[in-house]
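Notes follow the structure.
Along the sequence shown, the residues carry numbers beginning at 1.
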Amino acid sequence: MAAPATRRIVGAEVPIPSSDKLRWIDLTVPSSSAPASPADPFVCVPPRAASGCHIIPSGDSQYYLSWRIHEEHQNVLEVIELGASKEFPSSGLRLVFQEALCPFAFLCEREGRRLGELVYLLYVLTVSGVALLCHLRTPFSYLSGSVLHQDDIVEFSLQTHAQSAKVTAVTAKPGCIVIGRQDGSIWSYSLGKLAPNTPGFSNELRDDAGIGRLWTLMSRTKTVGPVQDIVATVVNERDLLFVLHLDGNLRIWDNHTKLLNCNVNSNDIEGHPSRLWVGEADDDQELISLAILHQNTVAQDCDHVSVYGFTFSAGEKFPFSPEPSISTIPLLEGKLVDLKIGMNKLWILKEFGSMLYEILQYDIETGQICSYVLQEDAISELLFQSSDNALDDLVWTADSMFSSLKEHAFNFISSMFLRRLLQPGVNHCSALRETLLEHKRFLSDSEFQSLTANGLQKEILSIIEQEGSSQTASATAYHWKKFCARYLHNWCWNNRPYGLLLDTNNEVFGLIRKGSFSVFRCLEGVEMLIYGSSDELCNTDGLGMNLLDDTSDSELLNEVLRCMGHIHHLLGRSSAAIYYESLISSVISSDEIASQIVKILETGFSPQSSSSLITLLGRDTYVERRQAAHKNQRKFSVEMLLSFHKLQSRSTSWSVVFDVIEKFMKCLNTNINIQDYESKRVCNVNSMLLVQATSQVARTMFECAFDLFLLLSYLVGVGGQVSLLQSDVARMKLKLFPMIEDILGQWIVLHFVGISPTSPPTIEDFSYQLSSLQLGKVDELSLHRKLGCPDFTLACLLDFPKSPEVDVMSPCFPSPAEVINLVRTFSSLILCGRNSEGVQTFLGSTINLSAILIRNGQYEAAQNLLGIVETYLNNEKVSRAGLDADTACSAYLHLNGFCLLMLAHDEANTVLRESKAHDAIRCFFRAASGHEAPKVLQKFSWVTGFQVSGECRSIYLWRLHYYEWAMQIFEQHSMSEGACQFALAALEQVDDIFDLDNGTEAESLPETAAMIKGRLWANVFKYSLDLKHFRDAYCAIISNPDDDSKYICLRRFIIVLCELGETKVLCNGEIPFTSLVEKVEQELFWKAERSDLSSRPNIYKVLYSFEAYRNNWRKAAAYMLRYSVRLNREGNAGGSRQLPHVLQERLDALSAAINALQLVDPSFAWLDVVCEADDQISPSKRPRNLLMENLAFGTDSELSRLQFCVDVEILEKEYTLTKAQYMLSTVKSTFNFSESQSIESLMDILIDEKLYDLAFTIVLKFWKESGMKRELERVFSAIAQHCCPNSRQLLLLPSSEDDAWDGNTKSIAVNQQLQGSCHWETLELFMEKYNDLHPRLPVVVAETLLYTDPEIELPLWLVQMFKTNKAGSRISWGMSGKEADPAALFRLYINYGRHAEATNLLLEYLESFASSRPADILHRKKMSAAWFPYTAVERLWCQLEEIQRAGHSVDQCDRLKKQLHGALMSHLQQLVVDSEDVLSSVGGGGQGMEVPSS
């Protein structure tokens, strides 16, 4: 509670939210006059910040046209058009003039306007003496940066030769501007009515119209002083001018007639008159009040305001009484800023220090002076800046309270400050941005405006964190104090009061500030006690609290309030703030906070760590303040004991004191009046004002109730010292504490919904999409678009009261008394709703309010309110009269679960999302466990959507519906875990329903048990599959009693596993499919046949693994063969050419099929193509042998015989051909091979691409015996051709070219030489490998070489093959042997003209025959021991003779013939000798044979 003020406080300022977020439309006003010299202005009105408000009635509505001129920008005039029944305008008009303005402006509506057209007339005066009349169209549809059209401007200069005196005062009225000059003259100009050059445009007000001009001037200069101020007003429908002169003369003029000349100077009042204010005339009492400011030029702070009451009569001459009533108001300190006069009251705005202001209210009849609480004072208290000790208390309190909860201290304290800093009325854009700039947060206009509430909080928190405040609670509070101190300074600077706003017709009183607008309200009755003095307790009837019986009760209440004041003085406002935050945020238990605060009251401040406080405050300051805290604690204890003893002495017992406290609690209650109010959801200035006023009253009432709560808690603790009986303690715990806690909860809820901004709608919100499309009701769309705005609080979503006495739809601002009446009605409407049957308890009203917030998408705010409900439900002291605990608990759990679910859906953090989802699941299960849940939760069907049609005769049936509803909403928000749990819970209820009373409850169900279970098990399967709990999903499949649903789920199971790439679950035996194996296999095969071959995973491979795990190798091979067939048929690149990766897949598939088939018993190692695979493609189609149709080559007779049976051999052949195609596709990108081509063609291509291994493999696989030999000869012939040098030889350049063999040519030759060497090695390798299969291969190779290049030199290894036998030994008995013998080589030489090589070969074998070893002579002499190709020798001899006859190589041929002749002669002679020896040995001395002649 605040200490009693010097002047009684009767009201408080209520700011209009959003008034700091105006978008200004800059409009330049051109002028043809030259600017005045700043040193000598023509208008001598001192420059100052000025403002005003003109009320413009317009039919049923009314506009408040406000204007401001800032002291730092004298040439700028801001105009804002306000409508109480409309939203606060988003933009205002900023008129930029060419030179500085006099601190004056007059706005009115233009007369004679057309219907639907509203034009304002603006009168201003520049310092150079130029009067301007501007026509402003409304609404302000100008473009920012544009120039006002010249036709909308009327300009007139007051500087003329005849009127040279400077202007000292100015005023205006519709169609006329009136000025007062330094010489005392008064001139009026019909600006806007007449043209400046027409007669009657300018008129001077003179005392005597019939005397000459010269005499008039002489007399005036002697008797009249300079004009100080002029006021134009209407009295009894007559336009009057009130003129104040420097010499004290006050003159009242009616057109050109002077009605009164009165001197207001007095000996009792020092100083000269400077300003004049005229109130509204009371035509009934014929009384008008004036106020004149007398400024003391000698002594400071001695200004006075004199109030004059003039009576008048409504006769023709309109006489005023020459002797008015006079009262004087000393201003004491400070200077007057503005003043307004009402019927019986006068309001004064004065400044008494740097940015320190005060508003006084003076009662003209009683002379009583009261004051108002300004917004800067309220903000100072909110941010703990109202005194030097307040934040110090918070520093010490925080350190004491958070000693055991250090990890939560920073977040808790920061949340408390942010909640207060960013609430409407405190949050000011300009002030906050300047504060951020001071802390080096440089944000552009667009960046700052784009910041959301969360973004703004992060920016501020980062500043506090950088200060190092996250270590201790005291450091956090200290740095927040510094930040808020700078913010408060900037707020006060950007919101300096400019002037007062007064609507006397509606008794509206407000304030125009530099950056905002506000109105004033009266105080609630309890607020008057809090802010007032103890003398007012004797007159509680006047405060609206007709509760106390006699004077003794007032004395007791006075002492109770004094005790509360002691507590408030010791703790400040920090304890209430921390307790409030603990209830809202639920981070720390409110009971623990309350116990810590009571402990501080009993034992004093006890910071756990003095080092942090010493670091922050300094050691000397710390010691000083610790001593002061100890002293204050001792003083508090003594004062409390004295007060308690006074209470005892003034009452017969503590029971009497508790009776008074109980009566006082009724004053602290929300005073709910059960009336059937008409209500409507609106959003206008009045509704925003009402929300602000309600939050102010709620905060004050909460703090007062909390002080009373601490008083009762402290009294329980010291009960033994003050003779407190056990019955008294029991009464406190059982009755008073529940009452005060309910009161605390009510005001907390009201304050929370009044200050908490709404959350923006999510993108998925359908209402938000309607709003963006401009669909739906206009009012609803307007409200929905405002969601997320900082000034649009939760209370703005509620219905506002509408009655003949109070109505937020009124076109006028509410009067101070009406504001407080609206607050009472609105509070009742919030806490009671439209319930006219009875008053709801706090818990019930809070739950209903949470439901409304949930309906509007404010889930986080609703959860905060439900957190308060949870705290109260856990508190055993709470009175639950009228609301059963089970009922409240079920409703709380149901709504809280729904909030958690919605918040989890929008949560980006995965951990927090899962945590909230689990909490929601627990809440829903707990809500369903309550016995009263079916009746309670039905009331919230309009919020959560849960509704059961008809009546459930058992709790099991209701729970079935409830769990199904929970399952559906979890599914809608993609939370499968919760949906799965509720589906399983619903299955349990099905069992209970059909097992209960022989199934009588099942009669009301439209489905059978099997149908319900089938549907629920299908849902369990779906949710488990979404969670990737595959075993649970399979269990749901086999548990499903509906076969159709079971197989649908199985199909979906397989599809999802394939899509997720989790097919190993099918193949690794993790799931025992038991009786579903065939169905799984069938589903897999159907999916494989209908899937694209490029899809992953490959279902054919899955089938292979599936069958392989079960050792069913034949089926495994069949599926891979089917895969190969489809690849051959479909796996092309848009044509007949197959891609390499497709061929590789075919190879792998065939390889897997071969390997699988080889694991089968040989008698069963074959595949019946129709039975193994194709019969499952489509049961309605006749299967066909796709394998035989799609094999690359099907011309073999064996393949023809086995069209429907495929064995390993066939697969190997297909594998070989596929391998050949694959190798060709890798080395030749343009390879294109069709199935109509022969294998020989493929062989040719392989040989051309030098893929000899594959060529030989194909030969060995596809040909036998003579066919194989033929193909081997063809392959080797081709290889031999590659070994021959290129037929296109390198040509030599002419001999004149010295560089004919350049480097490039040499490199080409070397490259060809290397390639040739590689070919020879390849040929030798394959000859050695395949020579045994076909001995004639050397002959084929040699013949090919000689045919290709007759001059080629056969390689030595090839010649050796002719000279060696099969065993590898050299042939030495003639030239006969295998097919590739020396004789064959000899004939090749002869055939291709290689006579020298043939001669040498023959000589070699003849010599070898003649030079046999002694051991071989007997063998040589046997019959037919050796054979030589004599016919070939003869051919050789003949060819040599033909060459000689032709004249070619005569010498060489002669030499060869001689060699042949000599060798043959020797050989024949040897044969003769050997023959004779044989004959001799046989015939015993027979004669030898005759040697033939050569």
Side-chain angles (χ1 to χ4, degrees), residues 169 171 178 180 184 186 205-209 219-220 222-296 302-331 336 339-348 360-369 504:
T171 190
V178 182
I186 304 167
L205 302 183
R206 295 189 294 239
D207 290 342
D208 44 355
S219 61
R220 183 175 62 240
K222 293 180 180 180
T223 59
V224 182
V227 178
Q228 289 290 91
D229 205 353
I230 305 175
V231 177
T233 188
V234 177
V235 179
N236 200 14
E237 298 182 356
R238 297 175 67 175
D239 293 333
L240 301 183
L241 284 177
F242 292 77
V243 183
L244 178 65
H245 295 267
L246 181 61
D247 55 6
N249 285 319
L250 174 65
R251 296 184 176 191
I252 304 176
W253 297 84
D254 179 11
N255 290 330
H256 300 286
T257 304
K258 182 173 66 175
L259 301 179
L260 179 67
N261 186 1
C262 174
N263 195 297
V264 296
N265 282 333
S266 172
N267 295 329
D268 298 333
I269 302 176
E270 297 181 359
H272 64 271
S274 60
R275 295 181 66 182
L276 170 67
W277 293 271
V278 180
E280 293 285 337
D282 188 348
D283 295 335
D284 297 333
Q285 299 183 7
E286 296 184 341
L287 177 67
I288 188 170
S289 300
L290 283 72
I292 298 176
L293 173 63
H294 295 268
Q295 286 186 326
N296 195 320
C302 292
D303 297 346
H304 292 77
V305 174
S306 299
V307 182
Y308 300 87
F310 288 92
T311 60
F312 59 89
S313 60
E316 182 178 352
K317 294 185 179 181
F318 215 121
F320 280 81
S321 61
E323 296 182 359
S325 61
I326 304 175
S327 59
T328 304
I329 307 171
L331 294 181
L336 185 142
L339 184 146
K340 296 293 180 183
I341 302 177
M343 288 297 182
N344 299 313
K345 296 177 182 178
L346 180 145
W347 292 273
I348 300 173
L360 303 178
Q361 174 183 295
Y362 176 74
D363 193 311
I364 297 176
E365 295 180 354
T366 63
Q368 186 179 7
I369 300 178
T504 55

Smallest separation among heavy atoms of [X] and [Y], with atom names:
{"X": "Gly180", "Y": "Ile230", "value": "N-CD1, 3.3 Å"}
{"X": "Thr171", "Y": "Ala232", "value": "OG1-N, 3.9 Å"}
{"X": "Arg275", "Y": "Leu336", "value": "NH1-CD2, 4.2 Å"}
{"X": "Ser306", "Y": "Thr328", "value": "OG-OG1, 4.2 Å"}
{"X": "Phe242", "Y": "Thr233", "value": "CE1-CG2, 3.3 Å"}
{"X": "Ile364", "Y": "Ser289", "value": "CD1-OG, 4.1 Å"}

[atom2] on [Y] to [atom1] on [X], rounded to 0.5 Å:
{"X": "Ile341", "Y": "Leu290", "atom1": "CD1", "atom2": "CG", "value": "6.0 Å"}
{"X": "Gln368", "Y": "Asp363", "atom1": "CD", "atom2": "CG", "value": "7.0 Å"}
{"X": "Ile288", "Y": "Glu280", "atom1": "CD1", "atom2": "CD", "value": "8.0 Å"}
{"X": "Leu240", "Y": "Trp253", "atom1": "CG", "atom2": "CH2", "value": "12.5 Å"}
{"X": "Arg206", "Y": "Ile186", "atom1": "CZ", "atom2": "CD1", "value": "12.0 Å"}
{"X": "Leu346", "Y": "Gln361", "atom1": "CG", "atom2": "CD", "value": "9.5 Å"}

Item to check | Heavy-atom check, side chain of Ile369 versus side chain of Ile348, under 4.5 Å | outcome: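 When only atoms from C-beta onward are counted, Ile348 and Ile369 do not touch, as no gap falls below 4.5 Å.
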Checklist entry - Any side-chain heavy atom of Val224 sitting closer than 4.5 Å to one from Arg251? => result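 In short, these two side chains touch, coming nearer than 4.5 Å.
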Item to check | Exceeds 12 heavy-atom contacts within 6.0 angstrom, atom NZ of Lys340 | outcome: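 Yes, NZ of Lys340 has more than 12 neighbouring heavy atoms, counting only those of other groups under 6.0 Å.
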Checklist entry - Should Asp229 and Trp277 be marked as a side chain to side chain contact (heavy atoms under 4.5 Å, CB included) after you check the CA-CA gap, both sets of side-chain angles, and the distance that decides it? => result CA-CA 9 Å; Asp229 205 353; Trp277 293 271; 5.8 Å; no
If only atom types and distance count, is the side chain of [X] paired as donor or acceptor with the main-chain N or O of [Y] below 3.5 Å?
{"X": "His245", "Y": "Gly225", "answer": "yes"}
{"X": "Gln228", "Y": "Pro273", "answer": "yes"}
{"X": "Tyr308", "Y": "Val264", "answer": "yes"}
{"X": "Asp303", "Y": "Asn296", "answer": "yes"}
{"X": "Ser321", "Y": "Thr311", "answer": "yes"}

Item to check | Derivation of the side chain to side chain contact (heavy atoms under 4.5 Å, CB included) call for Asp254 and Val235 | outcome: CA-CA 10 Å; Asp254 179 11; Val235 179; over 6 Å; no
Next on the checklist: With side chain to side chain contact (heavy atoms under 4.5 Å, CB included) as the criterion, how do Leu276 and Leu250 come out once you've worked through the C-alpha distance, each side chain's angles and the decisive distance to 0.1 Å?
Outcome noted: CA-CA 9 Å; Leu276 170 67; Leu250 174 65; 4.1 Å; yes
Checklist entry - Out of Val231, Val243, Leu241, which one pairs with Val178 under the side-chain contact (heavy atoms from CB on, under 4.5 Å) rule? => result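 In the set Val231, Val243, Leu241, the residue that makes a side-chain contact (heavy atoms from CB on, under 4.5 Å) with Val178 is Leu241.
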Next on the checklist: Check the orientation of Phe312 and Phe320. Use parallel for under 30°, tilted for 30 to 60°, and perpendicular for over 60°.
Outcome noted: tilted
